[in-house]
Novice: 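Before we start, here is the structure in question, set down as structure tokens.
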Amino acid sequence: MALKSWFIYRWRQICASCVVVCAVLCTGMVVGWSVEVSRIMEDPNTNFNLTINDQEWLVSCAGVMAIFSTAASGMLVEAVGPCRLLGFVLLPATIGWILMAATDSLPWIYVGRVVTGGVGFMVTTVAQPLLAEMCTADVRGLLSSLPEMMVSVGMLLVYVMARFLDWQNTTLVCGLLIFPVSVAVLFVPESPYWLLKKGKEKIALRALMQLRAPEHDVDAELSTIRDSLVQQAQHGSFLQQFRSLKEPGNYRPVVLVTVIFILRELGGAMVIFMYSVFFFVNAGVSIDPFTCSVLVGICRLLFTLISASIIDRLGRRPLLITSSIICGLALFVTGGVLYSDDQGVGWVPLTAVMVYVASFGLGAGPVPWILLGELLPTPVRSLGASIVTSIFVMSLFLVTQVFPELTVVMGLRNAVLVFGAFEILLALVVFLFLPETRGRTLEELQNAFVGSSALTPFSHASREGYAPAYGSTFPSSSQIMEKVR
């Protein structure tokens with residue numbers, strides 16, 4: 001009964017969030033489609049004579065256009081609004097998938113891959129801050145975890161289809177799934193934050209009424225959002241966001257979230273997901289590599305679902321620290337086994353990779369994207385998200401592009417050990433600098449990095465609304481009043 005009343009009070013924002021989340025399916029399919037490159041190389045009916053260089057570029061070129069699309073996403077969001085932008089860009093993605101499925105020309109495969117990659121990562125850039133602005137604090141962690149879950153669904157879907165279908169039919173299905181989402185997202189209420197920044201107060205009020213239960217005080221929430229925007233002198237200009245980025249309280253969280261994303265990618269996650277067939281073949285795993293890819297997809301989806309169910313209870317920070325440490329240890333085990341050259345323990349790399357994927361799904365996968373929506377201050381949220389994701393895509397492109405050559409130069413075992421070291425470094429950075437965001441409103445989180453000692457978390461200097469990262473959480477008003485008394 002309690003669960004039923006919980007859902008009834010929140011069903012509007014849940015339904016709207018689910019539609020937005022479905023758009024992120026495109027991102028998962030872009031990542032998962034990399035396994036089809038191996039399928040194309042094996043297909044005797046294609047006219048393509050793919051070289052190793054072609055394989056590398058077909059895997060990594062999705063990030064080329066994504067670098068530019070994510071960099072431009074902040075400006076586009078401010079111009080047309082996040083919901084409308086999602087609807088507009090998903091249609092070209094549909095065309096890109098169908099083009100790839102229908103063509104017999106390798107250059108057109110590249111064109112489709114670049115278009116779908118650019119749109120896929122732009123969608124993630126836009127969707128995560130939009131979810132943070134649409135949701136109330138009590139469900140923001142759960143709903144903000146859904147995009148990572150949908151990425152896992154998209155990857156798993158492609159992995160399964162790659163196991164049983166030819167690559168053309170798999171690609172066509174991807175395009176057919178995206179089209180209805182591009183239509184449905186146009187019916188989602190626009191972000192109240194964006195509407196207020198554009199001076200559309202009546203429409204913003206209507207959007208909140210569509211997202212909240214009838215008994216919710218939408219006037220009070222609208223007033224809180226308005227006051228926050230006024231205090232930050234934010235009127236919707238993208239140029240003003242650049243000016244606001246000079247403030248320490250604004251650029252510090254952008255830098256921190258960017259570092260988290262870079263270290264996550266240097267930890268080898270996308271190498272395992274995008275080069276899964278290549279990885280398992282070179283690791284000496286005896287099981288069919290496409291079956292291994294399906295197992296990876298199932299494992300990631302399962303543990304991302306678990307993460308979504310516990311993240312609002314356990315918090316972002318402990319999940320990310322624990323996840324990064326386990327990921328690092330799993331990679332160290334994998335590297336150690338590869339060093340032993342023992343053919344009788346070929347099952348160990350698969351087991352260790354599954355542990356890595358499970359741990360990644362619990363924390364290192366979803367938490368950085370949640371922080372992208374929660375930790376970036378309102379005055380620079382769209383610009384900050386654009387900066388973070390464009391740098392993330394650059395890192396992803398570089399890692400996926402150089403990985404095959406890296407395995408030739410230093411060997412897969414050494415590459416895996418380097419990835420593990422970056423995972424441990426990520427855990428250390430999070431431990432030292434990341435405050436807990438669970439259960440706090442976006443307005444409260446804007447004070448997280450205000451003050452001269454914001455990047456020295458063990459300092460005892462007090463700052464309004466901020467607690468050091470060590471044992472971190474943000475003090476509530478009641479806690480502050482108890483201390484005063």
Side-chain angles (χ1 to χ4, degrees), residues 1-29 77 80-91 93-94 123-154 157 176-196 200 202-222 225 301 304-312 366 369-370 372-374 439 441-442:
M1 189 68 181
L3 179 62
K4 182 179 179 180
S5 61
W6 179 91
F7 179 78
I8 290 175
Y9 187 76
R10 299 164 178 82
W11 72 270
R12 296 185 180 187
Q13 58 181 309
I14 292 174
C15 291
S17 298
C18 287
V19 174
V20 172
V21 166
C22 285
V24 186
L25 184 68
C26 183
T27 310
M29 292 190 297
V77 164
V80 301
C83 279
R84 303 295 83 80
L85 179 60
L86 287 179
F88 295 154
V89 300
L90 286 174
L91 184 57
T94 301
V123 164
T124 306
T125 307
V126 175
Q128 204 71 52
L130 174 61
L131 288 173
E133 293 179 352
M134 290 171 56
C135 303
T136 51
D138 56 337
V139 293
R140 193 175 60 236
L142 169 64
L143 297 179
S144 295
S145 299
L146 296 183
E148 183 68 16
M149 184 194 73
M150 192 55 64
V151 170
S152 303
V153 170
L157 181 63
L176 295 178
L177 288 175
I178 293 300
F179 178 72
V181 180
S182 67
V183 176
V185 77
L186 295 175
F187 294 93
V188 175
E190 189 55 89
S191 163
Y193 285 79
W194 181 83
L195 291 170
L196 274 180
K200 302 178 180 180
K202 291 183 179 180
I203 303 178
L205 180 61
R206 193 181 309 132
L208 277 177
M209 293 174 66
Q210 292 175 310
L211 291 169
R212 305 291 184 253
E215 58 269 31
H216 184 83
D217 191 348
V218 292
D219 291 315
E221 183 175 356
L222 190 71
I225 297 173
L301 175 59
T304 303
L305 285 170
I306 295 174
S307 175
S309 66
I310 64 176
I311 197 164
D312 276 323
W369 291 109
I370 295 174
L372 183 72
E374 291 184 332
T441 67
L442 298 183

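All values below come from the heavy atoms of this structure, side chains included, with hydrogens, waters and symmetry mates left out. None of these values were measured; they are calculated from a predicted model.
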Novice: Within the 4.5 Å heavy-atom criterion, are Ile225 and Glu221 side-chain neighbours or not?
Specialist: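 Touching, per the 4.5 Å side-chain cut-off.
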Novice: Which heavy atom of Arg10 sits nearest to which heavy atom of Val139, and what is that distance?
Specialist: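 In this case the closest contact between Arg10 and Val139 is CD-CG1, 3.3 Å.
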Novice: From Leu90 CG over to Leu85 CG, what is the distance, rounded to the nearest 0.5 angstrom?
Specialist: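 Atom-to-atom, Leu90:CG and Leu85:CG are 9.0 Å apart.
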Novice: Could you tell me if the side chain of Ser17 sits less than 4.5 Å from the side chain of Cys135, heavy atoms only?
Specialist: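 Result yes, sub-4.5 Å side-chain heavy-atom pair found.
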Novice: In Å and rounded to the nearest 0.5 Å, what is the CD to CD distance from Glu190 to Gln210?
Specialist: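 Result: 11.0 Å between the selected atoms.
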Novice: Under 3.5 Å, side-chain donor or acceptor atoms of residues 176-188 against the rest of the protein: list the pairs with distances, not counting sequence neighbours.
Specialist:
residue, atom, partner, partner atom, Å
Ser182, OG, Phe179, O, 2.5

Novice: For Met209, is there any backbone N or O sitting under 3.5 Å from a side-chain donor or acceptor partner on Arg12?
Specialist: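 Yes.
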Novice: Where do Gln128 and Trp369 come nearest, in terms of heavy atoms and distance?
Specialist: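 Between these two residues, the closest heavy atoms are CG-O, 2.6 Å.
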Novice: Only counting residues at least two apart or in another chain, list the ones meeting side-chain contact (heavy atoms from CB on, under 4.5 Å) with Leu222.
Specialist: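 Once residues adjacent in sequence are excluded, the partners of Leu222 under the side-chain contact (heavy atoms from CB on, under 4.5 Å) criterion are Leu196, Glu201, Ala204, Leu205, Leu208, Arg226.
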Novice: Hey, could you give me the CD/OH distance between Glu133 and Tyr193, rounded to the nearest 0.5 Å?
Specialist: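 If we round to the nearest 0.5 Å, Glu133:CD and Tyr193:OH are 6.5 Å apart.
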Novice: Check the pair Ser144, Glu374 against side chain to side chain donor-acceptor pair (under 3.5 Å), reporting the backbone distance first and the verdict last.
Specialist: CA-CA 9 Å; Ser144 295; Glu374 291 184 332; 5.4 Å; no
Novice: On a heavy-atom basis, which atom in Met134 and which in Ala16 lie closest, and how many Å separate them?
Specialist: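 Closest approach of Met134 to Ala16: CE-CB, 3.4 Å.
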Novice: To check you understand the geometry: which heavy-atom pair defines the closest contact between Cys18 and Leu146, and what is its length?
Specialist: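 Closest approach of Cys18 to Leu146, heavy atoms only: SG-CD1, 4.4 Å.
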Novice: How many angstroms lie between atom CG of Leu211 and atom CZ of Arg206, to the nearest 0.5 angstrom?
Specialist: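 Nearest 0.5 Å value for the CG-CZ distance: 12.5 Å.
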Novice: Quick one: SG on Cys83 to CG on Leu130, what's the gap to the nearest 0.5 Å?
Specialist: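 With rounding to 0.5 Å, SG (Cys83) is 4.5 Å from CG (Leu130).
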Novice: List the atom of Ala127, the atom of Val24, and the distance in Å for their closest heavy-atom pair.
Specialist: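 Heavy atoms of Ala127 and Val24 come nearest at CB-CG2, 3.9 Å.
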Novice: Find the distance between CG (Leu157) and CG (Leu301) and round it off to the nearest 0.5 Å.
Specialist: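 Atom-to-atom, Leu157:CG and Leu301:CG are 11.0 Å apart.
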Novice: Check Leu143 against Leu131 and note the closest heavy-atom contact, atom names and distance.
Specialist: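 Minimum heavy-atom separation between Leu143 and Leu131: O-CD1, 3.7 Å.
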